[in-house]
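No hydrogens, no waters, no symmetry mates; every other heavy atom, side chains included, goes into these values. Here is the naming used below: chain letters follow the sequence lines, and residue numbers restart at 1 for every chain.
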Amino acid sequence: MSGPTNAEAATLFREIADLLDVLGEKFKPEAYRRAARSIESLTEDLGKVAARNELRSIPGVGDAIEEKIRELLATGHIAYHDRLTHEVPPGLLEILRLPGLGPKTARRFWVELGVEGPAELGAAIDAGRLDGVKGFGAKKIEQMRAALAPAPAGVSGARRPLEEAYPIARAILRALREHAPVQEAEIAGSFRRGRETVGDLDVLVTSEAPEAVFDVFSKLPQVREVRLRGGTKETVVLTNGLQVDLRVVEPDAFGAALQYFTGSKDHNVRLRSLARDRGLKVNEYGVFRGDDRVAGRTEEEVYAALGLAWIPPELREDRGEIDLAAARKVPRLVEERDLTGDLHVHLASDAKERDVERVLDAARARGVASVGFVIAGVGADGARIRFSDDARARLAQRKAGDPRIERAIELTPGADPKPFASERPDYWIVRAGTSPPSPSVPGFVEGTRLLAHLSVPEEGPGDGLRAWLEAVHAGAIAVEVGPGRDRLDSRGASLARSLGVPLAIPLGLGGSEDDPTLAVALAFTRRAGAERNDVANARGPAATAAKTARPRRSA
DNA sequence: GCCGTTTTCGGCCCGACTGTTTTCAGTCG
């Protein structure tokens, strides 16, 4: 018996918001969207929160929405939603999602033309029914025609994983810094906040020559089309469908713009009302008292002008971080320079001594004190992993200047650990399935140390993940955070942290320059509010080595 | 519909850009 997932609940509330939009409601839609965002970022099932009578503690959930959540949990639907979908043709929601078309236009199509969906809209355009209608010129009609055309294969405007956007973002920044007349260049938006997915990229630069910057930007090889271009802003769409906004600001406003465009929306709304209370105004150009700009060059300045400590982008979600900043109690989140070891380095099965050397060089260059190699086991695809004798020999050498070397065995669920026992590894890496957890974790033998792979189900962390985390806890060195299907995202990391399970951040040692592993893992871990002591490979090799597992038998 | 060391009512971010306009409405972020 499983109720609606958090993701399903959020989708329902978003639909209510869209429907209310079309009906011309003013503030309710935003209220429902706010609740939807909060529900999505929960680290446990709505049902659990409801059972504890704590729904009202979810930001954006008041009397009315609490009642609707309870109704949804009890009956599987929301009568209000049913009523609205009955009132408004569902096809209008699809029209609403077309770029350049909003609630006002969708409503006009419906009321004035009787158009109730994208197909009818297309037919109306083809039949010339929009010609001469007030507000619809030739360009607007052409724009709609384009929006209605099916997207080419492989091109999608959907949100995509952070790790997919990462190399693209790096390449854009690199190109602008090298070839355009810019001083500063950063990516803002949800990318900078380290969200699991990004809908677009917000690039921010300072420059005396915006036109020259736009010229370079428009001609990047990844750019498919320029969607709009003004004096301070240009929007393009890449060949893969990702939208990128580039904004040029003056240096004195860079911090304010970075703050403003990093968001999140909820964080900024809260910041602005705080400013209003103090007789100040915040926008992307600075913090103003009357016409005087009192801050703007750096983010620190902006927050300080509002009486706040600087807040790391990963925490800017209006989940209490502003109160912490006011009280000077913002946590010192784990940083890249805190990382002292990599617990999980894979090499190809035909890897030679020089490949090991390359990883050890990377470790030394980074100042990393310990490296754990996967020397044998069963990989994600079921294939046997075995370190070559040549590579093993290098591990055994222990040259002066080497980081401490550890040897790990990696296993998939159901794989038999016995054939690998003679390897006497320093620890086992266990790859878990999704929920429900199996109690028989391979490798759970006396004194075993574990590094666990756990994935967060798409609908969010639920009881299954919690049970898994509790199951591995006793023997765990840590649970890995990072990109991909078998590591924790920020919500999973947050749940693990609340249960006292240490986290591990993979460094991607020996990977390419644009390898997103470390950056993404670090962002997720920071979004979970983790400090250095929450991270196993940030506490120094001594601390990691000293952590011994409680003896435990496999069930 | 939500929210409150100004409040239980009256606010709710605000500026850029586009297209269709003779001064602005709609969309977007």
Notebook entry, point to check: What nucleic acid atoms does A:V282 come within less than 4.0 Å of, heavy atoms only: base, sugar-phosphate, or nothing?
Noted result: nothing
Check: Just to confirm, is there a sub-4.0 Å distance from OP1 or OP2 of B:dC13 to any side-chain nitrogen or oxygen of A:N268?
Finding: no
Item checked: Within-4.5 Å side-chain heavy-atom neighbours: A:K281 and A:V287 -> no
Checklist line | Test item: side-chain donor near acceptor, A:R195 and A:S190, under 3.5 Å | finding: no
Margin query: Stacking between A:F27 and B:dC2, defined as ring centres under 5.5 angstrom apart with planes under 30°, is that present or not?
Written below: no
Next item on the list: Is it possible for you to check whether A:K68 lies under 6.0 Å from the centre of the six-membered ring of A:F13, through NZ or CZ, and within 45° of that ring's axis?
Entry: no
Check: Can you find a heavy atom in the side chain of A:P210 that is under 4.5 Å from one in the side chain of A:V213?
Finding: no
Item checked: Spacing of A:F109 atom CZ relative to B:dT27 atom C1', expressed in whole Å -> 13 Å
Margin query: If you compare every side-chain N and O of A:K281 against the phosphate oxygens of B:dG15 (OP1, OP2), does one of them come in below 4.0 Å?
Written below: yes
Next item on the list: Tell me, please, which residues at least two apart from A:F261 pass ring pair (Phe, Tyr, Trp, His ring centres under 6.0 Å).
Entry: none
Note to self: Looking at A:R270, I want to see if its CZ is surrounded by more than 12 non-hydrogen atoms of other residues, nucleotides or ligands under 6.0 Å.
What the structure shows: no
Could I get a table of every N or O pair under 3.5 Å where one atom is in the protein and the other is in nucleotides 16-19 of chain B?
| unit_1 | atom_1 | unit_2 | atom_2 | d |
| --- | --- | --- | --- | --- |
| B:dA16 | OP1 | A:Y285 | OH | 2.5 |
| B:dA16 | O3' | A:T232 | OG1 | 3.3 |
| B:dC17 | OP1 | A:G231 | N | 3.1 |
| B:dC17 | OP1 | A:T232 | N | 2.9 |
| B:dC17 | OP1 | A:T232 | OG1 | 3.1 |
| B:dC17 | OP1 | A:K233 | N | 3.0 |
| B:dT18 | OP1 | A:R229 | N | 2.9 |
| B:dT18 | OP1 | A:R229 | O | 3.0 |

Check: How close or far is atom C1' of B:dG1 from atom CG of A:D266, stated in whole angstroms?
Finding: 14 Å
Notebook entry, point to check: Think A:Q243 has a side-chain N or O under 4.0 angstrom from the OP1 or OP2 of B:dG29?
Noted result: yes
Margin query: Does A:P29 reach a base, just sugar-phosphate, or nothing at all? Heavy atoms under 4.0 Å.
Written below: nothing
Notebook entry, point to check: Counting just side-chain N and O atoms, does A:T235 come under 4.0 Å of either OP1 or OP2 of B:dC28?
Noted result: no
